[in-house]
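The block underneath contains the structure these notes are about, expressed in structure tokens.
Along the sequence shown, the residues carry numbers beginning at 1.
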Amino acid sequence: MKNIFKINILILLICVSFSCRKTETLNVDYSSFNADDPRTNTALDQWLKSNFLDEYNIDVIYRYNRYYHGNTANVVPSKIENIQPTMQIVLDGFIGPYRKVAGSTFSKTYMPKEWVLFGSYSYANTSDPGVAGTASGGRRITLYGVNEYQPLPAGQFFAWDRQRIMHHEFGHILNQIIPIPTDWESISKGFYKQPYTDTPTETAHQNGFVTSYASGQPTEDYAETISWLLINGQVWYDNWANTASADGKNRLIQKELNVINYFNNLGVNFKELQREVQLYMKGINLNESRFPYWLGRKQFSSLTINLESDLYANYGISDDFKTPYNQMKAAILAYSSSAKYHMDNMQILFDSQTGATVRIPFTAAAGGTQFNADYTFTYTVNAATGEVTFTKVAQAGTTGTYANAALFTTAFTNSLQAYLTGKTFIADWMPTGINAANYMKYGGFSVKNAATNYFYGSLAY
């Protein structure tokens, strides 16, 4: 009887199975129903796959997933239209410089493999200022605030701030893989305090930190120092150090050397990386990355041109400038058949934000005292456009260096003065191909709309 019952049940199950089988083929495109479906292969997904997943094995997670920010944070999803331009900023200002300087192997090995994007900053409560980015496990960077993206020029701060966050967080990524040097903490030992918000920016500055946030703990100090050296450049960092206390300046110098050595041990030339990041920042018109900005603030005391230097043999100089320079040099030599004075160089001394002195140092062939001939000018700088003009004005004196200048007035008027006046120049870091160690240490001027007519020299603070 039991066997008959089992057989009947089996027959019933077979019948039910056949009665539920459909022969119709389903052909449904789910992407048309749910644009946020992870399987959707939109143009954005294809772009991300081509530029990140295929090239670097990087997964860009932009669809909202609470798993990536935890239960204690409050965030909103990213606007879809902001994803590609934000990740283009990642490519151009972050991954690109590392790949160019450190190489493909380094970039593919150390670049974080997950990039998570959220629309807002991450807030724990209503009094929380918000988290802009995080790094975790040596493999993931989370960027918040994507919904604040704007195209340039309005979006300059957004682009700058993403670079600040990325280079900071990647500093943490590297430190999670290769520890911070053991001597780092001792540089500012006794000055780290929490909460960092209780330390005003200027107090942190004078104590040798790049930001108040850096003063909170050594690991944040390291990541901040890396980031600010890269994003704001060497002139900004030097100015920050030079305007700190004597002890603060010494700490900032030690920290810079520590970071450079750390990257060198990774096989990355930090100065080359800094130059590449600065070229990107200059491209978005960041003030701190541009020579006209610092020139207008009288950051530099002088610019020196010596055409006998190997620098000009290596990088060239325009004939338009070389001709009047050599004319002045010849006039000084011809002045005395016995002394046979030699024009040592030409200097532009930036006496104030509007006043300048063109100085011509000269020395007798036998050596001895170097004399100066000084010519008084005014100058204007348009920090936004980079346009600079020089105007000859009445000499500031008649004795000493001005008396020396009077010896060569005619020659100067017909040569270097004629070259400098009556033109609009564009100020920039020059020469363009100079090695990374000297980038931002040389600057110059090209005639507006005539880029092949230019001169440049070494800068001094």
Side-chain angles (χ1 to χ4, degrees), residues 94-95 97-103 105-113 133-141 163-194 196 199 203-242 244-278 436-437 439-440:
F94 177 67
I95 294 179
Y98 268 101
R99 179 162 186 168
K100 183 174 182 178
V101 174
T105 300
F106 177 94
S107 302
K108 293 181 179 182
T109 301
Y110 292 109
M111 281 293 156
K113 300 308 177 187
T134 59
S136 58
R139 308 302 282 172
R140 179 192 300 160
I141 284 182
Q163 298 301 331
R164 178 187 65 82
I165 295 165
M166 288 185 290
H167 287 288
H168 175 104
E169 297 304 337
F170 191 55
H172 285 314
I173 293 283
L174 291 175
N175 296 159
Q176 290 165 6
I177 299 169
I178 299 157
I180 294 172
T182 55
D183 59 344
W184 173 263
E185 189 169 351
S186 65
I187 297 174
S188 287
K189 187 176 182 180
F191 288 90
Y192 293 108
K193 296 178 182 179
Q194 286 286 9
Y196 74 89
T199 301
T203 300
H205 176 200
Q206 295 304 317
N207 287 338
F209 298 99
V210 291
T211 61
S212 294
Y213 189 57
S215 71
Q217 54 184 311
T219 54
E220 298 302 338
D221 188 17
Y222 209 81
E224 283 286 89
T225 303
I226 292 171
S227 179
W228 285 78
L229 270 166
L230 292 174
I231 63 168
N232 273 18
Q234 194 61 50
V235 177
W236 178 89
Y237 193 88
D238 290 345
N239 180 62
W240 191 257
N242 290 335
S245 66
D247 288 340
K249 177 179 179 179
N250 184 53
R251 293 185 194 107
L252 286 162
I253 292 172
Q254 288 185 65
K255 289 176 182 181
E256 178 187 0
L257 295 175
N258 193 295
V259 166
I260 291 172
N261 188 58
Y262 177 83
F263 274 79
N264 285 342
N265 289 334
L266 285 171
V268 180
N269 185 316
F270 187 82
K271 300 303 292 183
E272 289 186 5
L273 180 64
Q274 184 185 51
R275 177 180 61 181
E276 292 304 315
V277 174
Q278 280 302 292
Y439 186 69
M440 287 188 165

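Within the model, atoms CG of Asn269 and CZ of Arg275 stand 8.5 Å from one another, a figure rounded to the nearest 0.5 Å. Between Leu229 atom CG and Leu252 atom CG the span is 9.0 Å, to the nearest 0.5 Å. The distance from the CD1 atom of Ile253 to the CD1 atom of Ile187 is 11.5 Å, given to the nearest 0.5 Å. Taking CZ from Phe94 and CD from Glu169, the interatomic distance works out to 10.0 Å, rounded to the nearest 0.5 Å. Interatomic distance, CG of Asn261 versus CG of Asn265, reported as 4.5 Å (0.5 Å rounding).
In terms of modelled atom types and a separation under 3.5 Å, the side chain of Ser227 and the main chain of Arg164 share a donor-acceptor contact. Of the possible donor and acceptor atoms, one in the side chain of Thr109 sits under 3.5 Å from a partner among the backbone N and O of Thr105. Side chain of Gln206 to backbone of Ser245: a donor-acceptor contact under 3.5 angstrom is found. The backbone N or O of Asp238 lies less than 3.5 Å from a partner atom in the side chain of Asn242, making a donor-acceptor pair.
Using a 4.5 Å heavy-atom threshold, the side chains of Phe191 and Arg251 count as touching. Using a 4.5 Å cut-off on side-chain heavy atoms (C-beta onward), Ile178 and Tyr262 make contact. Looking at heavy atoms from C-beta onward, Asp183 lies in side-chain contact with Asn258 at the 4.5 angstrom threshold. Between Glu220 and His172, the closest side-chain pair of non-hydrogen atoms falls below 4.5 Å. Inter-residue side-chain proximity for His167 and Tyr98 is flagged as met; some heavy-atom pair is nearer than 4.5 Å. The shortest side-chain heavy-atom distance between Asp247 and Asn207 does not fall under the 4.5 Å cut-off. Proximity of Lys271 to Gln234: side-chain heavy atoms (C-beta onward) are separated by under 4.5 Å at one or more points.
Counting non-hydrogen atoms of neighbouring residues, nucleotides and ligands closer than 6.0 angstrom, the NZ atom of Lys113 exceeds 12 such neighbours. Heavy-atom neighbours of Glu185 CD from other residues, nucleotides or ligands within 6.0 Å: at or below the threshold of 12. Atom OH of Tyr110 has 12 or fewer heavy atoms from other residues, nucleotides or ligands within 6.0 Å.
Annotation: cation-pi pair Arg99/Phe106 absent, no NZ/CZ under 6.0 Å from the ring centroid and within 45° of its normal. Both tests pass for Lys255 against the ring of Phe209: distance under 6.0 Å to the centre and angle within 45° of the axis.
When all heavy atoms of Ile231 and Gln278 are compared, the pair lying nearest together is O-NE2, 3.0 Å. Asp221 approaches Ala214 most closely through the heavy-atom pair CB-O, 3.2 Å. When all heavy atoms of Ile173 and Arg139 are compared, the closest pair comes out as CD1-N, 3.7 Å. Shown here for Gly248 and Ala244, the closest heavy-atom pair between the two residues is C-CB, 4.1 Å. Between Gly133 and Ile165, the shortest heavy-atom contact is CA-CG2, 3.8 Å. Of all non-hydrogen atoms in Ala102 and Val268, the two that sit nearest each other are CB-CG2, 3.7 Å.
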Assess whether side chain to side chain contact (heavy atoms under 4.5 Å, CB included) is satisfied between Thr225 and Glu256, documenting all intermediate values.
CA-CA 7 Å; Thr225 303; Glu256 178 187 0; 5.8 Å; no

Please walk me through it: do Tyr237 and Val210 pass side chain to side chain contact (heavy atoms under 4.5 Å, CB included)?
CA-CA 8 Å; Tyr237 193 88; Val210 291; 3.8 Å; yes

Could you go through Thr219 and Asn175, starting from their C-alpha distance and side-chain angles, then the distance that decides it, and tell me whether this counts as side chain to side chain contact (heavy atoms under 4.5 Å, CB included)?
CA-CA 8 Å; Thr219 54; Asn175 296 159; 5.9 Å; no

Any chance you could lay out the ring-ring contact (aromatic ring centres under 6.0 Å, His included) test for Trp240 and Trp228, step after step, and finish with the verdict?
CA-CA 11 Å; Trp240 191 257; Trp228 285 78; 7.5 Å; no

Begin from the C-alpha positions of Leu174 and Phe263 and carry the test side chain to side chain contact (heavy atoms under 4.5 Å, CB included) through to its verdict.
CA-CA 10 Å; Leu174 291 175; Phe263 274 79; 4.0 Å; yes

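Proximity of the aromatic rings of Trp184 and Tyr222 is defined here by a centroid distance below 6.0 angstrom, and this criterion is met.
Ring geometry for Tyr213 against His168 counts as tilted: the plane angle lies between 30° and 60°, on a 0 to 90° scale.
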